Amino acid sequence: VVEKQLSQPGGGQGPTVGVIGATGFAGALAAYLLWRHPRFNLTYLTGRSEVGYRHLDLYPRYRVPLTVEELDLDRHGEVEVAVVAYPHGASAPVVKALRDRGVRVLDLSADCRLRSRERYEAYYGSHPHPELLGQAVYGIPELHRDRLPGAELVALPGCFPTAALLALAPLARAGLIADVVIDAKTGVSGAGRQPTPFTHFSNVHASVVPYRVASHRHTPEIEEQLELLGAPLAVQFQPHLVPLDEGELLTCYVTPREPLSAQALQDLYEAAYAGERFIELAASPPTLREVQETNYCRLLAVYDGHTGKVLVFAAIDNLWKGTSSQAIQCLNAIYGYPEDEGLC
Ligand SMILES: NC(=O)c1ccc[n+]([C@@H]2O[C@H](COP(=O)([O-])OP(=O)(O)OC[C@H]3O[C@@H](n4cnc5c(N)ncnc54)[C@H](OP(=O)(O)O)[C@@H]3O)[C@@H](O)[C@H]2O)c1
C-alpha cells in the first residue's frame with residue numbers, strides 16, 4: 001500500500017520544498033498540505049526525534065510516506081524553499097543558516113515576526129540572531145499581500161495574532177480603536193506535541209483554564225502589527241485553554257473612538273474583506289466547527305448601543321489558518337499561484 005503512495009498525489013513538479021521539524025504538529029500539517037499540493041515538490045522531512053520513522057507511521061491520517069531524516073544543512077540546504085517548524089530560539093540559527101545558503105524560508109516560530117528587539121527580548125529572552133528581526137514579511141496575506149510575491153523570508157504569525165489582527169484591522173486602519181480587550185479560547189494543539197501537566201487530559205477535560213495572565217507572548221506581536229495599521233495602543237490579551245484539539249475563538253471588546261452605526265460597521269468590514277477567498281463575514285457569531293481543518297477565518301463585528309462597545313468575533317483553526325495552511329497560502333502568493341491552490 002505504501003509503495004503505491006510513493007509518488008506525490010498532487011504531482012509535485014514545481015519548486016522543491018523541505019519541512020524542518022515535521023515531527024511536530026505544525027510541521028506535520030505543513031508536510032500533509034505540501035504532499036498533496038499540485039505544484040510543490042516535497043523532497044524531505046526532518047525531525048529531532050523519530051529519525052528513520054516513516055511520517056506515515058507517526059501521523060497516519062496525513063498519509064505522507066516520506067521518512068523522517070536528521071537535519072543536515074549541507075544536504076537539506078539544497079531545496080528552493082524550507083518551512084521551519086521549530087520552537088522560538090531553536091528556529092533562528094536554522095533560518096539564518098538556510099538564508100545564508102540562499103534558501104527561501106517560511107518560519108513558523110516567533111523568531112522573525114517582530115521588528116523590535118526590545119519587544120522580542122522582553123517576552124522571549126535574548127535573540128540568537130537579532131539581525132533577522134525586521135527582515136521578514138509578516139505572513140498574513142490579507143494584510144501584507146503586496147510584499148509576498150518573490151519574498152525570501154516570511155514569518156508566519158502566531159495563531160492568536162492571526163485571528164486578532166484579522167478581527168481588528170478594519171477598525172485599526174480607520175483609526176477607530178481607543179481601547180481593546182481580547183479574550184481568547186483555544187484548543188490544546190496550540191501548545192505543541194509534547195504533553196505537559198498543563199495540557200494533560202485531567203487538567204483540560206470539562207474545564208476552562210486561563211493561562212499566561214497579563215503576560216502572553218503574542219501580546220507584543222499584536223501590538224506591533226496594530227501600530228503598523230495605525231493603532232498604537234496597549235492591548236489587554238487573555239487566552240483560555242478549552243477541552244478541544246484544534247481551533248480558537250477570539251472575542252475582541254473594542255471601545256471605539258466614536259459611536260458607530262451597525263451599517264457603518266458592516267460597510268467597514270465588507271470593504272476591507274471584499275473578494276478575500278479565506279475571510280467570511282458571518283451573519284451570526286462564528287463557531288469553531290465552521291473553521292476546523294480549514295484555512296478560513298470567520299468574522300462578525302457587532303455594535304452594542306447599550307455600552308457603546310464594538311464586539312468582534314473571530315474563529316480560526318490554530319494549526320491551519322493559524323499557521324500551516326496560512327504558510328501554504330503565503331507560498332502560493334510568493335510564487336504567483338492562486339492563493340487557494342492546494343487548500344480547497
Ligand atoms: N501549534 C500551533 O497551533 C502553532 C500555531 C502557530 C505557530 N506555531 C509555531 O510553530 C512552531 C512549531 O509548533 P508545534 O506546535 O508544531 O510544536 P511541536 O509540536 O512541539 O513541534 C516542534 C518541532 O520542533 C522540534 N524541536 C523541538 N525542540 C527543538 C529544539 N530545541 N531544537 C530543534 N528542534 C526542536 C520538534 O522535534 P521532535 O518532536 O522530533 O523532538 C518538532 O519537530 C513553534 O514555533 C510554534 O510557536 C504553532
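Numbering of ligands and ligand atoms starts at 1, following listing order. We number each residue from 1, following the sequence as shown. Everything numeric here is computed off the predicted structure, so don't read it as measured data.
- Remark: the Y335 side chain and the E341 side chain contain no N/O donor-acceptor pair separated by less than 3.5 Å.
- Checked by distance only, ligand 1 and G158 stay at 3.5 Å or farther apart across all their nitrogen or oxygen atoms.
- Between atom CZ of residue R217 and atom OH of residue Y124 there is a gap of 6.5 Å, rounded to the nearest 0.5 Å.
- Ring-plane geometry between F237 and H216 is classed as perpendicular, the angle between the planes exceeding 60 degrees on a 0 to 90 degree scale with a lower cut at 30.
- In this structure, Y32 has its ring center no closer than 6.0 Å to that of Y59.
- For ligand 1 and A90, the ligand atoms under 4.0 Å from any heavy atom of the residue are 30 (C), 31 (N), 32 (N).
- Counting protein heavy atoms only, atom 47 (O) of ligand 1 is closest to R113 NH2, 4.3 Å.
- Side-chain contact between C330 and P141 is present, with heavy atoms from C-beta onward closer than 4.5 Å.
- Closest to atom 8 (N) of ligand 1, if we only count protein heavy atoms, is L108 O, 4.0 Å.
- Under a 4.0 Å criterion applied to the non-hydrogen atoms of G21, ligand 1 contributes the atoms 43 (O).
- For atom 18 (P) of ligand 1, the closest non-hydrogen atom on the protein side is R193 N, 3.7 Å.
- Nearest to atom 23 (C) of ligand 1 by heavy atom, out of A26, A22, S109, A85, is A85.
- Here S189 has backbone heavy atoms under 4.0 Å from ligand 1, and that is the only part of it that gets that close.
- L106 and L73 fall into different hydrophobic clusters, defined by Ile, Leu, Val, Met, Phe, Trp and Tyr side-chain heavy atoms under 4.5 Å apart, directly or through other members.
- In terms of protein heavy-atom proximity, atom 3 (O) of ligand 1 is closest to N318 ND2, 2.8 Å.
- From the protein, the heavy atom lying nearest to atom 45 (O) of ligand 1 is Y86 O, 2.7 Å.
- The protein heavy atom nearest to atom 31 (N) of ligand 1 is R48 NH1, 3.3 Å.
- Near G322, meaning under 4.0 Å from one of its heavy atoms, ligand 1 places the atoms 5 (C), 6 (C).
- Atoms of ligand 1 lying under 4.0 Å from any heavy atom of L319, numbered from 1 in the order shown and given with element: 1 (N), 2 (C), 3 (O).
- Nearest to atom 4 (C) of ligand 1 by heavy-atom distance, out of T323, T186, L29, is T323.
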**OP:** Go through the steps to decide whether E142 and K321 satisfy the test salt bridge (charged side-chain N to carboxylate O under 4.0 Å, His left out), and finish with yes or no.
**Re:** CA-CA 12 Å; E142 291 80 4; K321 182 64 173 166; 3.0 Å; yes

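- For ligand 1 and G190, the ligand atoms under 4.0 Å from any heavy atom of the residue are 1 (N), 2 (C), 3 (O).
- Following chains of ILVMFWY side-chain contacts shorter than 4.5 Å, one cannot reach V154 starting from V105, and the two form parts of different hydrophobic clusters.
- Within the 3.5 Å criterion, the main-chain N or O of E80 finds a donor-acceptor partner in the side chain of T16.
- In this structure, of P161, C159, S49, G47, the residue bringing a heavy atom nearest to atom 40 (O) of ligand 1 is S49.
- G192 CA, 3.8 Å is the protein heavy atom nearest to atom 17 (O) of ligand 1.
- When only non-hydrogen protein atoms are considered, atom 21 (O) of ligand 1 lies nearest to G24 CA, 3.1 Å.
- Two residues are said to be in side-chain contact when any heavy atoms from C-beta on lie closer than 4.5 Å; Y269 and V312 meet this criterion.
- Inter-residue side-chain proximity for H76 and R101 is flagged as unmet; no heavy-atom pair is nearer than 4.5 Å.
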